[in-house]
Amino acid sequence: MSMEESMIKSEEIKALKEQKDVVILAHYYVEGNVQEIADFVGDSYALAKKATEVCQQNILFCGVRFMGESAKLLNPHKHVYMADLDADCFMAHMITPGQVEKVKREHPDAAVVCYVNSTAEIKAMSDVCVTSSNAVRVVRGMKEKEIFFIPDNHLAHFVADALPEKTFIYHHGFCPVHQNITGEDIRNAKKEHPGAKVLAHPECPKDVLKESDFIGSTSEIISYATEGAEKEYIIATETGVFYELEKKNPDKIFYQVIQEQVCLNMKKVTLDKVYDVLKNLENKEELILPDAMMEKAKKPLEKMLILAK
Ligand code: 13P
Ligand code: SF4
């Protein structure tokens with residue numbers, strides 16, 4: 001899409017969302033032109049929280065399915081639409097209800113701590129949800145000593161390292177995008193850009209985190225680089241964050257670690273699809289979850305919002 005077409009579409013989107021009482025929430029990993037037309041852009045925690053504060057009756061979510069599901073669970077009476085209903089998170093499907101049940105049976109005293117990158121079905125079996133920005137704080141606040149952390153093993157190890165007073169049961173889930181980055185990739189990037197600070201998402205493997213100067217959620221990475229005095233940063237997370245990083249910091253330089261740090265599902269969200277959903281909202285499929293599942297799955301999310309305060 002040319003710059004001019006993109007601008008025309010953005011203007012139409014603005015008019016449509018007002019006319020149809022829609023708020024657009026977007027994650028930092030979607031394309032820059034989608035972030036630009038969103039009413040709010042954030043990390044998973046900020047988006048979940050924001051979804052509870054908006055006044056519009058319709059939420060159009062630009063991100064992957066679990067993010068839209070969280071918005072729906074926290075706002076059962078609002079209508080939630082996805083820019084692309086097929087945009088899903090690989091990690092969310094790396095654990096099954098049977099696997100959770102088995103560990104619960106074997107460890108009846110363990111709290112099930114569920115990363116938001118999970119299905120509503122798995123959330124419904126969990127005690128509390130966490131995101132990358134609040135996982136340490138939330139788990140620290142849990143009364144249980146034993147923690148079954150699902151589905152991401154890298155985030156689980158990151159939290160476990162920060163909380164030696166707890167014992168952890170791990171699952172083998174991972175994000176293919178972050179898992180792709182290795183410690184050696186970081187060392188090579190540092191050799192190429194010796195003055196640059198390394199900022200990494202906690203979904204990265206341990207050997208990447210060991211080489212990093214800062215570990216945080218997408219929002220935290222953006223804030224760190226924006227507030228930092230250094231001019232150059234190596235960014236170990238999905239490339240969508242570069243849009244906000246560069247917008248906020250035109251005088252700084254940001255480097256990818258590898259070419260492949262791209263979430264193909266996040267990239268399914270396009271300006272054309274946002275426009276199409278808005279234009280044909282009345283005929284679009286809403287994100288719907290079974291009532292019984294909603295009732296159970298919203299509890300760990302609500303608990304997260306309380307514990308993360
Ligand atoms: P954040 O909550 O840090 O934005 O991360 C979401 C995500 O999907 C990371 O891969
Ligand atoms: Fe899921 Fe990884 Fe994409 Fe994040 S980057 S949405 S964890 S697949």
Side-chain angles (χ1 to χ4, degrees), residues 25-31 34-35 38 40-51 61-71 74 82-95 113-120 122-123 129-138 149-156 158-159 171-181 199-205 208-209 212 214-225 235-245 256-269 301 304-305 308:
L25 305 182
H27 187 263
Y28 283 123
Y29 289 166
V30 299
E31 296 287 2
V34 175
Q35 294 187 41
F40 182 79
V41 188
D43 66 7
S44 312
Y45 173 58
L47 287 165
K49 197 162 161 287
K50 192 74 189 174
F61 217 104
C62 298
V64 287
R65 190 178 172 97
F66 78 80
M67 296 176 172
E69 284 185 357
S70 297
L74 293 165
M82 299 299 294
D84 185 327
L85 264 169
D86 291 330
D88 208 343
C89 168
F90 289 118
M91 189 204 288
H93 300 279
M94 288 187 183
I95 188 158
V113 175
C114 181
Y115 189 26
V116 280
N117 297 40
S118 51
T119 61
I122 295 296
K123 287 186 177 75
C129 286
V130 294
T131 72
S132 58
S133 73
N134 61 39
V136 172
R137 197 168 347 132
V138 169
F149 195 108
I150 54 173
D152 186 15
N153 85 92
H154 297 306
L155 181 63
F158 171 72
V159 177
H171 184 67
H172 52 254
F174 61 91
C175 162
V177 180
H178 291 85
Q179 169 105 342
N180 227 351
I181 306 172
L199 317 185
H201 195 278
E203 286 177 16
C204 290
V208 169
L209 302 186
S212 303
F214 176 76
I215 302 161
S217 74
T218 52
S219 301
E220 290 170 330
I221 286 175
I222 292 164
S223 302
Y224 186 95
I235 305 295
T237 191
E238 212 274 348
T239 53
V241 296
F242 282 72
Y243 182 72
E244 184 75 5
L245 282 169
Q256 284 182 222
V257 186
I258 52 169
Q259 280 305 309
E260 303 78 20
Q261 49 191 92
V262 177
C263 177
L264 297 177
N265 276 299
M266 286 285 188
K267 297 317 187 229
K268 286 182 182 167
V269 178
L301 274 172
M304 171 185 83
L305 293 181

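Ligands are counted one by one from 1 in listed order, and the atoms in each one are counted from 1 as well. A quick note: this is a predicted structure, and the numbers were derived from the prediction, not measured.
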For this session: Check whether any side-chain heavy atom of Asn180 sits under 4.5 Å from a side-chain heavy atom of Pro176, and report yes or no.
Result: no
For this session: Evaluate the side-chain proximity of Tyr28 to Ser219: yes if any heavy-atom separation is below 4.5 Å, no if none is.
Result: yes
Exercise. At a 4.0 Å threshold, what atoms of ligand 2 neighbour a non-hydrogen atom of Tyr29?
Worked result: 4 (Fe), 5 (S)
Problem set entry | Per-atom contacts of ligand 2 with Phe90, taking only distances under 4.0 Å to non-hydrogen atoms | 8 (S)
Are [X] and ligand 1 in contact, using a heavy-atom cut-off of under 4.0 Å?
{"X": "His27", "answer": "yes"}
{"X": "Asn117", "answer": "yes"}
{"X": "Cys175", "answer": "no"}
{"X": "His178", "answer": "yes"}

Problem set entry | Salt-bridge present (Glu31, Lys268; N to O < 4.0 Å) | no
Measure the distance from [atom] to every protein heavy atom, then report the residue, atom name and distance (to 0.1 Å) of the closest one.
{"atom": "atom 6 (C) of ligand 1", "value": "Ser44 OG, 3.3 Å"}
{"atom": "atom 5 (O) of ligand 1", "value": "His201 NE2, 3.2 Å"}
{"atom": "atom 10 (O) of ligand 1", "value": "Glu203 OE1, 2.9 Å"}
{"atom": "atom 3 (Fe) of ligand 2", "value": "Cys263 SG, 2.4 Å"}

Exercise. Under 3.5 Å, N or O to N or O, is Ser217 touching ligand 1 that way?
Worked result: no
Seminar exercise, completed: When every non-hydrogen atom of Asn117 is compared with those of Cys89, the smallest separation belongs to ND2-SG, 3.9 Å
Exercise. If you measure from CZ on Phe174 to NE2 on His154, what distance do you get to the nearest 0.5 Å?
Worked result: 7.5 Å
Exercise. Nearest 0.5 Å, what's the NE2-NE2 distance between His201 and His178?
Worked result: 5.0 Å
Problem set entry | Residue Cys175, metal atom 1 (Fe) of ligand 2, N/O/S under 2.8 Å | no
